[in-house]
Student: 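Got a structure for you, written out below as structure tokens; questions coming shortly.
Note on naming: letters A, B, ... go to the chains in the order of the sequence lines (proteins, then strands), and numbering restarts at 1 for each one.
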There are 2 protein chains.
Amino acid sequence: MEDIDRKIVALLMRDGRMSYTDLGKSTGLSTSAVHQRVRRLEERGVIRGYAVVVDHEAVGLPLTAFISIKPIDPSQPDDSPDRLSGIPEIEACYSVAGDESYILKVRVGRPADLEDLLARIRSSANVTTRTTIVLSTPYENRPMTA
Amino acid sequence: MEDIDRKIVALLMRDGRMSYTDLGKSTGLSTSAVHQRVRRLEERGVIRGYAVVVDHEAVGLPLTAFISIKPIDPSQPDDSPDRLSGIPEIEACYSVAGDESYILKVRVGRPADLEDLLARIRSSANVTTRTTIVLSTPYENRPMTA
DNA sequence: ACTGAAATTCTTTTGCT
DNA sequence: AGCAAAAGAATTTCAGT
């Protein structure tokens, strides 16, 4: 990817609503040129979309946890991500190398909700779970530096 | 938090650039009313900001990993997050309950970069590390359902 | 690919209920 | 808190280089 495109992406990571006028000033291009580049980045899938960044505490989901899962029957094909995709508390699902097969990142309101969620995960996907509670988040979703 | 506010936030999670006109149509409010609510959500810190969602492969950082760290000398005060905050490859830092003290989420270009990053982490923070490589990401940053 | 300008739409402010 | 209308700014399109 090119240098100016990289800069545009980096700027949009810090402020996803930055105007093309301001992006132009920061890159030395006209608004139309920036606009065209952003459109292409979107078309090529480099830019997947735009999202609001929320305070999870304020939105009623103060409890974050990582849940590692492992199939109970390793001889069966593992379609855990599909089986779990309907559970809204699961914010992310990573297939990982190591003893366990997936790491889930989940957000709930309180410990009792986590207990309930774990039961749903175990029964939906036929897996064992290992939960790591997040106590605080020094930083998260930091923009890449470019 | 109120029901309409929750809906506005949920919509902005799916499309952070959705116009106030469209937000109004989806919530049954006028553009001004929606605008006022979004402004308050921003002031109250419920909405922290807006960001572009990028394809990390396309942007040259295809390799993701979770690195759990543990202080070598547990008697010392642990200021790892501060010490590590200058390392751009670290996208997130979570303080966690359990055997280890923090989980870092990192993104690099290739395995050799990860090796280099691990060396920097160990020397900067005086910690041992345990790395879990992400093989694929079935889903990530899914919007909360509301 | 970039520029500049015109047409359209969105944001933002203000006054009113 | 919400609505409507007006002013200002941004997006989007288009012709030209």
Side-chain angles (χ1 to χ4, degrees), chain A residues 1-62 109 140-146, chain B residues 1-62 109 140-146:
Chain A
M1 197 173 63
E2 202 201 333
D3 227 36
I4 294 181
D5 283 345
R6 205 176 297 276
K7 179 148 195 181
I8 290 172
V9 170
L11 289 164
L12 287 174
M13 278 179 145
R14 280 169 184 74
D15 179 5
R17 282 193 156 178
M18 195 171 173
S19 72
Y20 298 130
T21 313
D22 289 344
L23 285 172
K25 282 173 189 158
S26 302
T27 54
L29 288 176
S30 68
T31 65
S32 329
V34 170
H35 185 210
Q36 194 176 33
R37 278 172 180 268
V38 170
R39 269 177 56 93
R40 275 188 202 145
L41 288 166
E42 288 168 352
E43 281 165 10
R44 285 166 44 205
V46 178
I47 292 177
R48 291 176 111 100
Y50 302 85
V52 74
V53 181
V54 304
D55 181 332
H56 294 96
E57 307 220 0
V59 91
L61 298 170
E140 192 174 20
N141 289 124
R142 295 201 310 174
M144 70 174 195
T145 326
Chain B
M1 197 174 63
E2 203 201 333
D3 228 37
I4 294 181
D5 284 345
R6 205 176 296 277
K7 180 150 194 178
I8 289 171
V9 171
L11 288 164
L12 286 174
M13 278 179 144
R14 281 169 184 74
D15 178 7
R17 282 193 154 177
M18 195 168 171
S19 74
Y20 298 128
T21 314
D22 289 343
L23 284 172
K25 282 175 190 158
S26 301
T27 54
L29 289 176
S30 69
T31 65
S32 331
V34 170
H35 185 210
Q36 195 177 33
R37 278 173 179 268
V38 171
R39 268 228 314 265
R40 277 190 200 145
L41 288 166
E42 288 168 352
E43 279 165 11
R44 285 167 45 207
V46 178
I47 292 177
R48 291 177 112 101
Y50 303 85
V52 75
V53 181
V54 304
D55 181 333
H56 293 95
E57 307 221 358
V59 91
L61 298 170
E140 191 175 20
N141 289 125
R142 296 200 310 172
M144 70 174 193
T145 325

Student: Using side-chain heavy atoms (C-beta onward) and a distance below 4.5 Å, is B:Arg6 in contact with B:Met144?
Tutor: yes
Student: If I take atom CE in residue B:Met18 and atom P in nucleotide D:dT11, what distance separates them, rounded to the nearest angstrom?
Tutor: 18 Å
Student: In chain order, what residues pass the salt bridge (charged side-chain N to carboxylate O under 4.0 Å, His left out) check against A:Glu42, with sequence neighbours excluded?
Tutor: none
Student: Can you tabulate the close N/O pairs, meaning under 3.5 Å, that link protein atoms to atoms of nucleotides 3-6 of chain D?
Tutor:
residue : atom : partner : partner atom : Å
D:dC3   : OP2  : B:Ser30 : N            : 2.8
D:dC3   : OP2  : B:Ser30 : OG           : 2.8
D:dA4   : N7   : B:Ser32 : OG           : 3.1
D:dA4   : N6   : B:Ser32 : OG           : 3.0

Student: Could you walk me through whether B:Asn141 and A:Asn141 pass the side chain to side chain contact (heavy atoms under 4.5 Å, CB included) test, one step at a time?
Tutor: CA-CA 10 Å; B:Asn141 289 125; A:Asn141 289 124; 4.2 Å; yes
Student: Rounding to a whole Å, what distance do you find between B:Lys25:NZ and C:dT9:P?
Tutor: 11 Å
Student: Just how far, in rounded Å, is P of C:dT11 from CD of B:Glu42?
Tutor: 11 Å
Student: Quick one, which residues of residues 43-53 of chain A touch DNA chain D with a heavy atom under 4.0 Å?
Tutor: none
Student: Return the angle between end axes of the helix from C:dA1-D:dT17 to C:dT17-D:dA1, with five pairs used per end and rounding to 10°.
Tutor: 30°
Student: Heavy atoms only: give me the nearest B:Gly16-A:Arg17 pair and the separation to one decimal.
Tutor: O-NE, 3.0 Å
Student: Not counting sequence neighbours, which residues clear salt bridge (charged side-chain N to carboxylate O under 4.0 Å, His left out) with A:Arg39? List them please.
Tutor: A:Glu43
Student: Which salt bridge (charged side-chain N to carboxylate O under 4.0 Å, His left out) pairs, counting each pair once, include a residue from residues 50-61 of chain A, with sequence neighbours left out?
Tutor: A:Asp55-B:Arg48
Student: So, OP1 or OP2 of D:dT12: does either fall under 4.0 Å of a side-chain N or O from A:Arg39?
Tutor: no
Student: Between the protein and nucleotides 15-17 of chain C, which nitrogen or oxygen pairs come in under 3.5 angstrom?
Tutor:
none

Student: Let me know the distance between OH of A:Tyr20 and P of C:dT8, rounded to the nearest Å.
Tutor: 19 Å
Student: According to a strict under-4.0 Å criterion, is A:His35 in side-chain N/O contact with OP1 or OP2 of D:dT12?
Tutor: yes
Student: Can you tell me how far CG of A:Leu41 sits from CG of A:Leu12, rounded to the nearest 0.5 angstrom?
Tutor: 8.5 Å
Student: If you look at every heavy atom in A:Val53 and B:Ala51, which pair is closest and at what distance?
Tutor: CG2-CB, 4.0 Å
Student: Give the minimum heavy-atom separation between A:Leu61 and A:Gly109, together with the two atoms involved.
Tutor: CD2-N, 4.0 Å
Student: Can you see if the side chain of B:Arg17 gets near the phosphate of C:dC10 - specifically, an N or O under 4.0 Å from OP1 or OP2?
Tutor: no
Student: Provide, to the nearest angstrom, the distance between the CG atom belonging to A:Leu23 and the P atom belonging to D:dA10.
Tutor: 11 Å
Student: Show me the side-chain donor-acceptor pairs of residues 28-37 of chain A shorter than 3.5 Å, one per line, residues at least two apart or across chains.
Tutor:
residue : atom : partner : partner atom : Å
A:Ser30 : OG   : A:Ala33 : N            : 3.2
A:Arg37 : NH1  : A:Glu2  : OE1          : 3.1
A:Arg37 : NH1  : A:Asp5  : OD1          : 2.9

Student: Return the set of residues passing side-chain contact (heavy atoms from CB on, under 4.5 Å) with B:Leu11 (not counting sequence neighbours), or none when no residue passes.
Tutor: B:Lys7, B:Met18, B:Leu23, B:Ser26, B:Thr27
